[in-house]
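Working notes, structure below.
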Amino acid sequence: MDKRIFQISITAALAGFLFGFDTVVISGANLPIKELWNTSPWFHGTFIMSMALWGTVAGSLLGGIPCDRFGRKKTLFWIGVLYFISAMGSAMAVDPYMFSFFRFIGGLGVGASSVAAPIYISEISSSKNRGQLVALYQFNIVFGIFLAFISNYLLKGFDGANDWRWMLGVEAIPALIYSILVLKIPNSPRWLVITKKDDVAALKTLEFLSNKEHAKEKLIEIKTSSDKDKGKESLFTLKYKTPLILAFLLAFFNQLSGINFILYYAPEILERAGLAAKESLFSSISIGIVNLIFTLVGIRLIDKMGRRQLMKIGSIGYILSLSMVGWCFYTGASSTLLLIFILVFIASHAIGQGAVIWVFISEIFPNKVRAFGQAWGTGTHWVFAAIITLITPIFLDANDGIFKDNPWPIFVFFAIMMVLQLLFVLFMMPETKGISLEEISKKLGITNKK
């Protein structure tokens with residue numbers, strides 16, 4: 001793997017670190033904020049826990065616009081700025097409405113990063129290492145999640161009632177560093193050819209990324225693909241039906257696994273299982289560790305075993321682990337046993353959906369509509385993430401929740417959805433490993449269709 005491409009990909013993928021940190025750091029502030037502002041389950045779910053996700057929905061659905069108009073690089077820079085503003089504003093919030101506003105700003109950054117970063121990395125990498133490089137984004141997400149859990153644990157008791165403010169505010173430091181680093185990466189050569197019509201700059205970038213001979217061949221391939229699809233065209237046409245359906249279903253099942261439900265509410269779920277507040281935060285760190293380890297395994301295997309095989313393994317792991325978590329709650333099994341099955345669930349996600357989703361969605365749309373296709377897939381992902389996070393307190397709340405006595409039906413529901421995901425993988429999902437972005441379009445029967 002070329003060292004320069006790897007370094008550039010790592011820099012772009014750091015947007016994922018901020019994504020992971022921002023989305024999970026709220027888990028440590030969840031209960032303190034509920035007590036501070038005495039929020040009801042509905043208000044807490046809507047304005048405290050899921051507001052960032054509604055920002056994420058907006059950021060992901062609209063993220064294709066700046067990606068195409070201003071480029072992937074500039075979009076990534078402003079994403080870092082959004083994270084910085086959100087971290088500082090959330091930490092200094094004086095009421096739940098101000099807090100919600102700044103969490104929404106951070107959500108815009110998360111949503112836009114899930115569009116811009118995977119696209120950028122997929123467009124500078126080769127077919128041989130594209131899976132591993134794009135999956136670096138997912139690695140950074142789980143690394144951010146891991147450090148957020150550790151940060152929350154270490155800051156518990158740091159400043160008494162203001163602990164949660166430090167938990168949220170510390171994100172401003174990596175956000176500032178990231179914004180500076182991303183200024184040094186090159187523009188995407190495919191964006192330079194297709195949007196800017198600047199073949200000279202594109203060739204220069206391709207030469208920087210590889211060598212002169214390969215750069216000329218790749219430029220011809222990109223231009224040939226681009227020339228076949230001249231003129232503006234809507235993403236929502238019959239021509240793009242296949243990738244639209246594939247992206248929707250993959251993103252839909254990603255959230256119907258319950259992954260955000262467990263990550264966002266890990267301390268509360270573990271407390272419901274009998275662990276004390278400090279113990280539940282410490283146990284959450286084990287979730288971050290397992291997530292990190294198995295994400296590395298997924299990254300290692302994605303270009304060897306392929307996307308479909310990892311999704312099969314992950315789906316089976318989901319079904320078994322979610323069923324057993326439901327059983328543990330139903331029978332009142334020990335909190336240790338329940339934590340073990342939650343960790344199996346996390347491992348299944350990390351090696352399957354976690355490693356695959358950003359790679360697969362960034363691959364299946366043609367160059368011309370890739371930014372908007374990525375926005376469609378990530379938008380679907382975040383709409384369902386927001387809905388699930390919003391309604392969770394209604395079901396999980398220990399005092400007023402529908403399943404306040406025992407939340408086992410929630411996990412059984414997620415397990416049933418993962419049976420449907422396995423059927424999707426077996427009968428609908430194509431393999432994309434080792435194929436150039438231009439060839440994938442041909443494989444899906446998109447190129448030259450009107």
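Quick note: residue numbers are just sequence positions, from 1. Since the structure is predicted, the reported quantities are computational estimates derived from the model, not experimental observations.
The shortest heavy-atom contact between A251 and I357 is CA-CD1, 4.1 Å. In this structure, I302 and Q132 approach most closely via the heavy-atom pair CG2-N, 3.7 Å. When every heavy atom of F345 is checked against every heavy atom of S257, the shortest pair comes out as CE1-O, 3.3 Å. Taking all atoms of both residues into account, the shortest heavy-atom contact from S114 to W382 is OG-NE1, 3.2 Å. Of all the heavy atoms in F102 and I85, the pair that sits closest is CD2-O, 3.7 Å. Scanning both residues, L246 and M428, for their nearest heavy atoms gives CD2-O, 3.7 Å.
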Tell me, with the steps shown, if F47 and T39 meet side chain to side chain contact (heavy atoms under 4.5 Å, CB included).
-> CA-CA 9 Å; F47 288 94; T39 55; over 6 Å; no
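Within the structure, side-chain hydrogen bond (donor to acceptor under 3.5 Å, both in side chains) pairs that include any residue of residues 59-70 comprise D68-R72 (at least two apart or interchain). For residues 55-91, no residue pair satisfies the ring-ring contact (aromatic ring centres under 6.0 Å, His included) rule, not counting sequence neighbours.
Using modelled atom types and a 3.5 Å distance limit, the side chains of Q374 and S362 yield no donor-acceptor pair. A donor and an acceptor atom, one from each side chain of Q309 and E431, are nowhere located under 3.5 Å apart. Side chains of T75 and Y120: a donor-acceptor N/O pair is absent below 3.5 angstrom, by distance only. No hydrogens or angles considered: nothing links the side chains of T295 and Q138 as a donor-acceptor pair under 3.5 Å.
Using the six-membered ring where Trp is involved, Y137 and W358 have ring planes that are perpendicular, over 60° apart on the 30 and 60° scheme. Classified by interplanar angle (parallel below 30°, tilted 30° to 60°, perpendicular above 60°), the ring pair F424/F253 is tilted.
With salt bridges taken as basic N to acidic carboxylate O contacts below 4.0 Å, one links E123 and R370. With respect to D303 and R130, no salt bridge is recorded, no charged nitrogen being found less than 4.0 Å from a carboxylate O.
Distance alone, capped at 3.5 Å, places no donor-acceptor pair between the R103 side chain and the A52 backbone. Between the side chain of K34 and the backbone N or O of H44 there is no donor-acceptor pair closer than 3.5 Å. Side chain of S40 to main chain of F43: a donor-acceptor pair is present (N/O by atom type, distance under 3.5 Å, no hydrogens or angles). With hydrogens and angles disregarded, a donor-acceptor distance shorter than 3.5 Å links the side chain of D163 to the backbone of D159. Side-chain atoms of K433 never come within 3.5 Å of backbone atoms of R307 as a donor-acceptor pair (strictly under, hydrogens ignored). With hydrogens and angles disregarded, a donor-acceptor distance shorter than 3.5 Å links the side chain of Q353 to the backbone of L250.
Using a 4.5 Å heavy-atom cutoff, the side chains of M88 and E171 are not in contact. Put simply, the side chain of V344 does not reach to within 4.5 Å of the side chain of V290, judged on heavy atoms. At least one side-chain heavy atom of F99 sits under 4.5 Å from a side-chain heavy atom of W164. Side-chain contact between F261 and F414: present, with at least one pair of heavy atoms (C-beta onward) separated by less than 4.5 Å. Inter-residue side-chain proximity for S179 and L183 is flagged as unmet; no heavy-atom pair is nearer than 4.5 Å. By the 4.5 Å heavy-atom criterion applied to side chains, P96 and I33 are not counted as neighbours. Side-chain atoms of M429 and L249, non-hydrogen and from C-beta on, never get closer than 4.5 Å to each other. Side-chain contact between L76 and Y178: present, with at least one pair of heavy atoms (C-beta onward) separated by less than 4.5 Å.
No close placement of the H381 and W376 rings is indicated, their centers lying 6.0 Å or farther apart. A centroid separation of 6.0 Å or more is found between the aromatic rings of Y240 and F365.
Within 6.0 Å of the OH atom in Y97, the count of heavy atoms belonging to other residues, nucleotides or ligands does not exceed 12.
Residues satisfying the salt bridge (charged side-chain N to carboxylate O under 4.0 Å, His left out) test with K312, not counting sequence neighbours, are none.
Residue T205 holds its OG1 atom at 9.0 Å from CD1 of I8, rounded to the nearest 0.5 Å. Once rounded to the nearest 0.5 Å, the distance linking CD1 of I48 with OG of S100 reads 4.5 Å. Separation of atoms CG (L322) and CZ (F411) is listed at 8.0 Å; rounding is to 0.5 Å. Note that CG of L136 is 9.5 Å distant from CG of N129, once rounded to the nearest 0.5 Å.
Checked against W408 for a ring pair (Phe, Tyr, Trp, His ring centres under 6.0 Å), the options W327, Y330, F413 give a single hit: Y330.
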